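A short worksheet on the structure shown next.
This structure is a prediction, so every number in the text was calculated from the model and none was measured. FYI, side chains are in, hydrogens and waters are out, and symmetry mates aren't considered; it's all heavy atoms of this structure. Below, read A as the first sequence line, B as the second, and so on, with proteins coming before strands; counting in each chain starts at 1.
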Amino acid sequence: MTDASGYVMRNAAFKQLTPSQQQAVSQIDGPLLVIAGPGSGKTRVITYRIAALIEAGVKPYNICAITFTNKAAEEMRQRSEALGASSGIHISTFHSLCVRILRQYADSANIKSGFSIFDTKDQSKCVRQAVKDCGLDTSNFAPARMLNAISALKNNLEDVDSFKATADDFFTKSLSLVYSRYQDILSKNDAVDFDDLLMKTAFLLRDNPDICAALGERFKYLLVDEYQDTNQAQYRIANSIASAHSNIFVTGDPDQSIYRWRGADIRNILVFEEDWPDAKVVKLEENFRSTPNILGVADKLIATNRRRKLKKLIPTRPQGKDVVVNVFNDEAEEAHEIAKQIEKLVAEGVSLRDVAVCYRVNSMSRIVEEALIKNKIAYQIVRGVEFYGRKEIRDMLAYLKVLANPSDEVSLLRIINTPTRGIGKTTITRVQQYSAASNISFFEGLGKAQQIDSLAKAAKSKIAVFFNMMEQLKTGLDGKVASLAERVFVESGLKKSFQIVGAKTQDDSVLENVGELINAAAKYDQQTDQPSLVDYLQQISLFSDVDVYDPSTERVALMTLHAAKGLEFENVFIPGLEEGILPHERCGTDEDEIEEERRLLFVGITRAKSGLYISYAKYRTIRGQLLHTIPSPFLYELGLNFSESVQENQYCYDDIDVDNDINDNEQPTQPFFRDQLVRHRKFGLGRVKGFEDMGGNSIVTVKFNTGQTRELMVKYAGLSIESGQAK
DNA sequence: CATAGCCGCCTTTTT
DNA sequence: GGCGGCTATG
């Protein structure tokens with residue numbers, strides 16, 4: 001094998017790599033950890049490495065590369081194709097890989113191979129039902145909260161039984177009931193959620209050494225990108241597959257770990273050397289992307305974090321423009337000035353495709369959009385309104401899902417009366433009762449509707465029409481998806497109903513979107529060897545708009561900081577450096593979470609090649625409330641002489657007391673001051689709006705994020721003061 | 001049974 | 001400020 005890699009050594013392109021990059025490329029067998037900083041040419045290293053493997057005689061078929069996003073997978077495919085080394089290599093996300101494995105070993109995994117994959121909205125429906133079924137109140141046990149908790153359990157490989165055993169207080173006991181019921185509902189639907197894909201695969205590999213060995217045989221070389229973002233389930237899956245041969249190659253950067261909230265465990269990368277004692281470790285510390293100005297700022301910021309592997313950012317580019325920090329009055333002005341600055345850049349010859357605006361939360365996109373529209377600047381939102389989240393698309397897909405998997409009751413309930421065909425709640429309940437009593441699925445119940453005595457004659461005939469239509473559509477299942485989708489569109493009556501609405505509102509975007517869906521299906525039919533409806537639906541469930549970003553168009557890119565990972569731009573704007581936004585208020589005082597927010601900003605900063613514009617607004621309207629903001633503590637950590645660097649904007653109005661209901665000159669001895677962030681056990685996060693000093697009976701007025709303003713007795717309120725404020 | 005309008009909950013980030 | 005779910009009304 002060394003001979004073959006020697007061939008790579010002689011390759012001219014290979015010689016252009018730095019010594020550490022060469023190291024990372026040329027090791028063929030055994031475990032290898034590459035700690036790769038931002039802009040270190042990591043993607044290049046991975047593709048070269050794939051080429052080196054193939055030149056060393058490894059069959060493409062035996063190579064499996066895992067990424068976190070479909071977009072990263074697509075890019076890797078293209079890049080390895082450019083090296084003439086793509087066909088046969090398995091390149092996909094963890095989730096896609098799991099779908100494949102689960103379908104192949106459906107019996108051992110105890111699921112049907114035609115399983116539906118439920119997205120977040122489907123999950124909410126199910127968990128809400130589960131909470132109700134358990135006799136719990138959906139306001140005390142908010143479905144979203146339950147779902148988050150269940151998701152966290154699954155990512156940590158806690159199944160229903162193991163969690164039940166450890167649940168000891170009221171909340172965890174209730175949660176375990178809901179979890180159990182939720183899983184029952186999913187299984188009744190022959191459905192899995194995103195987390196199940198991982199958990200079920202991890203358990204499948206744990207419990208079936210033969211399957212594990214077979215996969216190790218199939219995937220003799222395993223590459224995992226962004227290893228710092230693996231959660232427990234993904235970590236186990238990767239380790240299981242590689243256990244037989246130890247050919248596991250992972251790359252990552254602990255400083256860019258930003259998915260803790262979905263179970264990513266930074267420890268996975270930190271303990272790699274313990275897991276694989278003969279692992280080689282290569283650090284890629286040179287940065288080929290950003291100017292020293294930008295890297296200096298990034299380095300200062302991240303140095304504040306304690307939980308990390310020490311790593312340098314070594315600049316290779318010449319000194320560039322200063323990093324700009326701006327302060328604005330409010331978010332509208334901030335957005336407007338960003339637009340103006342973009343205009344300036346364009347005047348200097350910068351292309352719009354070299355500009356990105358990266359914000360903490362999606363909701364911040366709108367104000368930026370408005371400003372860009374006003375200034376006639378073209379933009380594209382990377383993952384705005386998700387295509388597959390649109391109502392019309394979900395309706396169409398629900399029909400297809402029911403055709404592929406009649407047990408999918410969630411989808412069936414969505415479409416049974418969409419468009420309206422006179423099948424109402426009462427009818428549905430009666431069929432459901434009948435189906436439950438006769439131990440058949442809801443869809444089968446519809447087929448037997450004529451035998452259900454409680455149903456009215458009219459209801460029976462309406463059901464018959466619907467049921468026959470679905471049966472009729474099923475006869476067209478020949479693998480090709482596009483033609484079927486077209487038929488569904490027409491025969492379901494959706495087309496007609498959308499046309500009516502479209503004519504009324506003068507808006508045919510709905511029809512266009514369905515057209516786009518059918519086009520996409522046609523593309524799938526064309527590009528896939530053995531197209532099938534089940535395969536199509538399972539794939540599509542793992543896609544979102546993230547993958548639609550088109551770097552070739554002449555537009556400014558708008559995206560969240562999370563979505564920005566892996567991308568680079570000549571110029572990057574990061575607005576909203578404010579307490580509560582970045583770091584986000586949800587992370588509270590938890591130091592680990594604050595560190596993650598810091599990494600998030602680090603990721604944002606290191607996207608910029610030469611121009612970096614950071615800003616915050618003194619006032620910002622959040623959920624309809626005008627709030628006086630506090631600058632983000634991160635601003636002080638950037639190593640810029642902050643007070644001097646901030647160019648006070650000429651339009652700045654002075655700190656006017658907006659509500660005018662309290663004297664600003666409070667005595668420092670008072671325990672509470674205006675705009676202080678406080679947390680209440682029940683009402684959550686809020687801001688102090690007033691304080692009446694009455695000794696032991698002092699009253700504090702707090703405006704909570706729920707929108708309520710409350711007067712609380714200090715001695716009873718039990719308010720805790722949120723730390724992390726401006727120093 | 002269908003629809004309009006109201007109420008409450010919600011939003012961090014993604015597969 | 002927006003969506004989804006629930007309720008009152010036709």
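- Taking every side-chain heavy atom of A:Asn417 into account, B:dA2 is the closest of B:dT14, B:dA2, B:dT13.
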Let me check something: any side-chain donor-acceptor pairs from residues 454-467 of chain A under 3.5 Å, sequence neighbours excluded? List them with distances.
| from | atom 1 | to | atom 2 | distance (Å) |
| --- | --- | --- | --- | --- |
| A:Lys460 | NZ | A:Gln450 | O | 3.3 |
| A:Ser461 | OG | A:Ala458 | O | 3.0 |

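- Residue-level contact check: A:Thr426 touches the backbone only, with heavy atoms under 4.0 Å from sugar-phosphate atoms and none from bases.
- A salt bridge is absent between A:Arg260 and A:Glu597: the closest approach of a Lys/Arg side-chain nitrogen to an acidic carboxylate oxygen does not fall below 4.0 angstrom.
- Stacking of the aromatic ring of A:Trp261 onto the base of B:dT13 is found: the ring centres lie under 5.5 Å apart and the planes are inclined by under 30°.
- A salt bridge links A:Arg77 with A:Glu74: the closest approach of a Lys/Arg side-chain nitrogen to an acidic carboxylate oxygen falls below 4.0 angstrom.
- Of the two residues contacting DNA chain C, namely A:Lys125 and A:Arg366, the nearest-nucleotide position lying further toward the 5' end is that of A:Arg366.
- Look at CD on A:Gln538: it is 18 Å from P on B:dT15, rounded to the nearest Å.
- Here B:dT14 is the nucleotide among B:dT3, B:dC1, B:dT14 with the atom lying nearest to any side-chain atom of A:Thr560.
- With rounding to whole Å, A:Ile428 atom CD1 is found 8 Å from B:dC1 atom P.
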Under 3.5 Å, which N/O atoms of the protein pair with N/O atoms of nucleotides 6-10 of chain C?
| from | atom 1 | to | atom 2 | distance (Å) |
| --- | --- | --- | --- | --- |
| C:dC6 | OP1 | A:Lys132 | NZ | 3.2 |

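- The residues A:Asp122 and A:Arg394 are annotated as salt-bridged, a charged nitrogen and a carboxylate oxygen being separated by less than 4.0 angstrom.
- Put simply, CD1 on A:Ile367 is 11 Å from P on C:dG1, counting in whole angstrom units.
- Sorted by first and then second residue, the salt bridge (charged side-chain N to carboxylate O under 4.0 Å, His left out) pairs with a member in residues 189-203 of chain A read A:Lys112-A:Asp190, A:Lys154-A:Asp193, A:Lys154-A:Asp196; sequence neighbours excluded.
- Comparing B:dT14, B:dT11, C:dG4 by their closest approach to the side chain of A:Lys121 singles out C:dG4.
- Taking atom NZ on A:Lys71 and atom P on B:dT15, their separation rounds to 9 Å, with Å as the unit.
- For the pair A:Leu413 CG and C:dG5 C1', the interatomic distance rounds to 15 Å; values are reported in whole Å.
- Nucleic acid contact class of A:Ser541 (heavy atoms, under 4.0 Å, all strands): none.
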